[in-house]
Structures are given as C-alpha cells and as structure tokens.
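Note that ligands are numbered from 1 as they come in the structure, with each ligand's atoms numbered from 1 the same way. The figures that follow rest on heavy atoms only: side chains count, while hydrogens, waters and symmetry mates do not.
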Amino acid sequence: MKLSQRAISISPSATLSISDKAKELKAQGQPVLSFSAGEPDFGSPQAACQAAIEAIERGETHYTPNSGIGELKKAVAGYYKKRFGLEYSAGEILVTSGLKTMLYETVQMLAGPGDEVLVFTPAWVSYVEQIKLADGRAVPVDTSGNGFSPSLTEIDKSITGRTRGMIINTPCNPTGAVYSAKTLRMLADVAVKYDLWIIFDEVYERLTYGGARHVNILQAAPEIRDRVIIANGVSKTYSMTGWRIGYALGPSEAIKKIDGLQSHLTSNASSIAQWAAAAAINEAEDEVERNRAAFERRRDLICGLLSEIKPLKFASPDGAFYIFIDIRGTGLPDDMEFCRRLLEEKYVALVPGAAFSAPGYVRMSYACSESDLKDGAASIKEFVEAQGQ
Ligand code: GLU
C-alpha cells in the first residue's frame, strides 16, 4: 500500500488513542480507571438537550449557513461582550465542528509550507500535528523552566524570518498554567514586533481555581485585535464534548477565508448541536459555576493524594482539569514506559508527557468522580512505591 508522506508523518492523537485503549480494556471486563482524555463527566445542560429536541421537532435538520446559525453567533457575541467587554459582529464569528476543526482550518489559513508557528511546550497534542498537516514547522518554546509560562528569553531564541504566528493556550492543557496579564502583554508585544498571528485558545477559560483569574489577550492588549483569532467552544465549559461545537472570533477578512476553507471541508457544524450550544451559552450559567466548583474540589483532592507519593513532583494547577506530573524521580526509564506499565499492571490510564512534547512527565485528568480519583491515586502509589523496592 502506497501512502502519502503526510499520512506517514502524522502521529495519531495520544489522548484519544489511550482513552480508546482504556475503553477497549474496560469492555473486556478489566477494572480500568481512565484519567486520559480530558472530558467532563457531567451531563450536558438540560437547556441544551431540550433545545436540541426542539430543533429536531421544528425540522432544523438541514444545512445551516456555512459559518453557523445567527442565533448561535448572537449568543457567542453576547457572551464575549459580557464576559470580556469585546465586541464581535456576526461576520467576525465562525462556528465549527468542534474546536479541533476550527484550529485545523485556522492553521491551514495562516501557515504554509516551511512557515513556522511557535508552540509553547508542554502543549496539547494536536497543535504540532496540525501545523505539520499544513506543511509548516511547529517550533517548540519550552516553558518548563519558567513555571510553565512563556519567557521572552526563550521566545527570542525561537523567532526567525519564517515565523508566522504563535498558539497561546491559557488555561493550559496539559499543565494547568494560567497566563498572567503581564505575560499576555509581553506576547502581544512580540506579535507586533515580528508581525505575527496569534491563535488564542481559551477553551478552558471558565475553569480557574483559587485566586487564579483568566485574562483574554485582548483585555491585556486591545490594539492587537486584527492579528488575533480567538478559539473557544462548548465542550469543556458546558460538558458538551460529543456535540462538537467550536467557534472562532477574529477579523472578518480572516474569518471569511477560514469560512471558505470550511465550505470545502465539513460545511456547517451539526444544525441540532448549534441550537443546543446557543441554549447552553444563553441559559446554563448556573451549571458552569457548579461544575467549576466541583473541579476545584477534585483538584484539591488529587493534589493532596499525589503529594503523598514522594518521587512524584507537580505544581498544583490553576486552571483546566489536568495535573502534569514529573515522574523522573520514580526510577522508571521514561514516561511511555511508566504509562504502559501502569495500564497493564494497575489498569490506570494516564497520558505520557512525550505526547505533549514534554518527556519525563505524565498527564492525569481529574474530570472524573472523587471515588475514581481516590482509587486511581492508591493504585499509582502502589505502582510507584513498587519501583523503589
Ligand atoms: N482536548 C482533550 C484532551 O486533551 C480531549 C481529547 C483531544 O481532543 O485531545 O484530552
């Protein structure tokens, strides 16, 4: 079988493949605890489900405008105005089949062969692969020496004449870091200095804990509006991962181009899911806060339990729902081996840091029940302690 170079060079999503493997083992009757894919375990909001049912009953089961229904764009615009004081018109918003598609389309529009895009590592699995799919080059900018926040020194070393843009993700998957207004201001200045695009992925913006506060980059640097594409969606905020609704906000010229690409790719996102997403944004605010508070309790619980396992090192995450653990003190050769053996011996699924361009770490999602967290932590403790014997 002859395959394209592109097909050969792409690595499948580690988050999804590990979660599929965990599901497969579970289906075979194994007592698997999966902390792999980041997926809230709460039900989708009642208002969203009801809106979907009503959309079907009204016959909203056909193509919608390629860029999304007006009602959802209005909900998104109203949300951005209220939450961040940012004004976006319908022509500056594009609804997509999940945030992943939105990011793919945006990268395709902003970067071509040989173009470089800065990715702050540890970084979510798909950024690097999506840049590769555009024949571009993902340039990793390591944040591990700076509390998982980008530093100007590291960025300066990475900029070349081919740099086209950067992807910012705050709160960050996998580290849980929440970038300060000062950091965002610095990144905005870099973008202006070198004439770069910014893809600003804030899909975890509602999930911050303790004193941490999420800042949108345009609150820190309003004057760079024309070079920022904001990426968001309903999956994490409203526990609506399966509905596949993401959206982009940006200057109309760029949005129009991305819309054009989408017209050859997925066309509109699911009509029914779009109605559900609009209802979630307009009506499910109470559930957002309730779920956030539950994640914060879980964060505190898992941090407490893992801190009893001495060879593991981690910082308590300020946002998202992942804990990123340094396993280099455990005596195991690497993170891949750590995850493979933990799954085979203890039936606990974590994602190796290598998937996030950060070998030596593992990612644990705490978007699951407190009892699973307790059982999982106990198994990890047994596993790690057995290595020292
Ligand atoms: N974004 C989530 C994660 O990192 C869901 C899976 C994926 O799309 O990567 O686990």
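For ligand 1, the atoms closer than 4.0 angstrom to any heavy atom of Arg363 are 3 (C), 4 (O), 10 (O). Those atoms of ligand 1 with a heavy atom of Ala37 less than 4.0 angstrom away are 10 (O). Which parts of ligand 1 touch Tyr322 is read off a 4.0 Å heavy-atom cut-off, strictly below it: atoms 2 (C), 3 (C), 4 (O), 10 (O). Near Asn173, meaning under 4.0 Å from any of its heavy atoms, are these atoms of ligand 1: 1 (N), 3 (C), 4 (O).
Of the N and O atoms on the side chains of Glu202 and Thr170, not one donor lies less than 3.5 Å from an acceptor on the other residue.
The distance criterion of under 3.5 Å between nitrogen or oxygen atoms is met by Thr15 with respect to ligand 1.
Taking the six-membered ring for Trp and thresholds of 30 and 60 degrees, Tyr209 and Tyr366 have ring planes inclined between 30 and 60 degrees apart. Between Phe295 and Phe321, the ring-plane angle classifies as tilted under the 30° and 60° cut-offs. Note on ring orientation: taking the six-membered ring where Trp is involved, the planes of Trp124 and Tyr127 are perpendicular (angle over 60°, cut-offs 30° and 60°).
For the ligand labelled ligand 1, residue Ser126 lies outside the 4.0 Å heavy-atom shell.
In this structure, Lys74 does not pair ionically with Glu71, as no charged nitrogen and carboxylate oxygen lie closer than 4.0 Å.
No part of Val351 comes within 4.0 Å of ligand 1, judged by heavy-atom distances. Proximity of Thr241 to ligand 1, defined as any heavy-atom pair under 4.0 Å, is not found for any part of the residue.
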